[in-house]
Amino acid sequence: MKPIYPILFLLALTACSRKDSIPTIQNSNPDTLIPKSVINDFIAQKLGEEDHFEWAMANDSLLWSALVQSDSVLSIGYNSGDREKVLQVVKSHEAALIFPFKEGKLPFVNLKVSNFATIKALRTFVRYADPIGYGAYSGENARPTSSLLNFGCGSNTAETGLVAGTDYTDIAPAAKQSWNYSYHHIPEAWQSSTGENIKVMIIDTGISDDQENLGTAFNQGSSSGRSITRAVTYSGGTTNDECGHGTSMAGALAGPRGTDGNTAGIAYNCNLLMVHAAENVVILSSKSVNGVTDAYVMGGDDPDVKIISMSMGTIFNLGQIKDAIAYADSKQKLMFCAAGTSFSFFASFVGVIFPANQPQVHAVTGVKDNLTTRCDDCHEGSKVDFTIVMEKASTGLHPLSLAMSGDVPSTVGGSSVATASCSGIAALIWSKYPSYPRDSILSKMRRAASYPVTRNSTFGWGVVDVATALAL
């Protein structure tokens, strides 16, 4: 069982100023800006040495260089009662006090910072100071990299060549069952649970307005009496999914078992809250960091949400998202996150990315149908908790999901679909045992997995047999 750390920030926050002295640093900005290539090499080195990266590992000069070569948004995590102290420090070193994002209930603030002296002064007493916009920027002019900002998007299109009996099974009333469900004994599990009365929150890129199976046709066929709600925490965004990733996650987890020939989600009778929190799969920009933060707080505050599923991540451990996850954890939410899917942004790092590497969440990755090999692009490591069969070794075929529109399924791969699928499995179990606490649901999953006694160093507890979990 993962430890649940005390949530220090739930202490009352005061708005009054502290009597202790305000740090004032006279140092001028360094004469030389550390190049992005050097910063990135440092990050890669720390990932290799520590299996994670956080900005606390950087010295003041490197952090300042990263900040001013991005959008200059600094996320400042303060201790109880220190908010006014933070503002006074920034006021004393910056030309203006600029809040690029609205503050919430957690003990951090985002401020525009450009002076080296501000960094040095703040780091003497704050919990963290993170340049949260650095990941989206590259090159001399510090402009967002379009390929990164679109990573994971655009591939959610209908697969017209799927073969009945091989790629899917036809099931009543007129739906398709993805080929990988049998490896987790999901069809047998459906005899006793379909996810009813369990509300799952997905933090992702939204839902396509054109996919009626996640709209007006969410209740059809064997799916009935449930709700779907859309929300947006991504600044300037709408609930519509322009990327495609969120739609495919929602389809794999909660698509209806309907009458239109489309694919059925694992928990096809669960309630769904879909939050558009980021522009793509990699959490890169300040807007996405704040969108994800606000989404976890939203999930924590919703008493009906039992499970939070997020198939996004980054190589940067970010303090304000840690705070938000700890907040949701304090509200007893069961959280699953993607271990990571390889892409050039992650370089050669294939360990568990943030926030799946956090102790309050459960990291999920994908394996091939031989059950012992990770999928071609999936990350692995000691922090993985569960695995999902989601790639055919012979053909590379991935599980079925809902395309952006229409009734012909799409397919989706990576640790993303593994995470959504694992969340759907948890919903099936919790639906049958609604009075059980979160830890009991996790215990059932572990006891019914591939390695119930001795945790595997790469795949955690392994592949969950949900039918067995329901019978325990």
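Among Asp302, Asn271, Thr229, the one residue that satisfies the side-chain hydrogen bond (donor to acceptor under 3.5 Å, both in side chains) test with Lys199 is Asp302. Put simply, the residue from Ile207, Val275, Leu272 that forms a side chain to side chain contact (heavy atoms under 4.5 Å, CB included) with Arg230 is Ile207. Between Tyr181 and the options Trp190, Tyr168, Tyr268, a ring pair (Phe, Tyr, Trp, His ring centres under 6.0 Å) holds for only Trp190.
Side chains of Arg127 and Asp323 form a contact here, defined as non-hydrogen atoms less than 4.5 Å apart. Proximity of Val367 to Thr372: side-chain heavy atoms (C-beta onward) are nowhere separated by under 4.5 Å. Between Thr205 and Val281, every side-chain heavy-atom pair lies at or beyond the 4.5 Å cut-off. Ile425 has its side chain within reach of His184: a pair of non-hydrogen atoms, C-beta onward, lies under 4.5 Å apart. Counting heavy atoms from C-beta outward, Ile353 and Phe316 have side chains that stay 4.5 Å or more apart. Phe386 has its side chain within reach of Met445: a pair of non-hydrogen atoms, C-beta onward, lies under 4.5 Å apart.
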Next on the checklist: Show, in sequence, the C-alpha distance, side-chain angles and deciding distance for Asn110 and Glu103, and conclude whether the side chain to side chain donor-acceptor pair (under 3.5 Å) test is met.
Outcome noted: CA-CA 8 Å; Asn110 287 174; Glu103 289 186 77; over 6 Å; no
Item to check | Test log, rule salt bridge (charged side-chain N to carboxylate O under 4.0 Å, His left out), inputs Arg455 and Asp385 | outcome: CA-CA 9 Å; Arg455 181 187 174 96; Asp385 288 304; 3.0 Å; yes
Next on the checklist: Determine whether Trp55 and Phe53 satisfy the following criterion, ring-ring contact (aromatic ring centres under 6.0 Å, His included), listing intermediate values before the conclusion.
Outcome noted: CA-CA 7 Å; Trp55 288 105; Phe53 175 78; 5.0 Å; yes
Checklist entry - Do Met312 and Ile203 pass the side-chain contact (heavy atoms from CB on, under 4.5 Å) test, and can you show the C-alpha distance, the side-chain angles, and the key distance before you say yes or no? => result CA-CA 8 Å; Met312 303 185 295; Ile203 301 174; 3.9 Å; yes
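Salt bridge annotation for Asp329-Arg438: present, with a cationic side-chain nitrogen under 4.0 angstrom from a carboxylate oxygen. No salt bridge links Asp51 with Lys383; every basic N to acidic carboxylate O contact stays at or beyond 4.0 Å.
Between Tyr436 and Tyr433, the two ring planes are tilted [angle within 30° to 60°]. A parallel orientation is assigned to the rings of Tyr234 and His276, their planes being inclined by less than 30° (bins at 30° and 60°).
Of the possible donor and acceptor atoms, none in the side chain of Ser415 sits under 3.5 Å from a partner among the backbone N and O of Thr365.
No more than 12 heavy-atom neighbours from other residues, nucleotides or ligands sit within 6.0 angstrom of CG on Asn197.
With sequence neighbours left out, the disulfide bond (SG atoms under 2.5 Å apart) criterion links Cys270 to no other residue.
Within the structure, every pair that satisfies the disulfide (SG to SG under 2.5 Å) test and touches residues 357-417, not counting sequence neighbours, is listed here: Cys375-Cys378.
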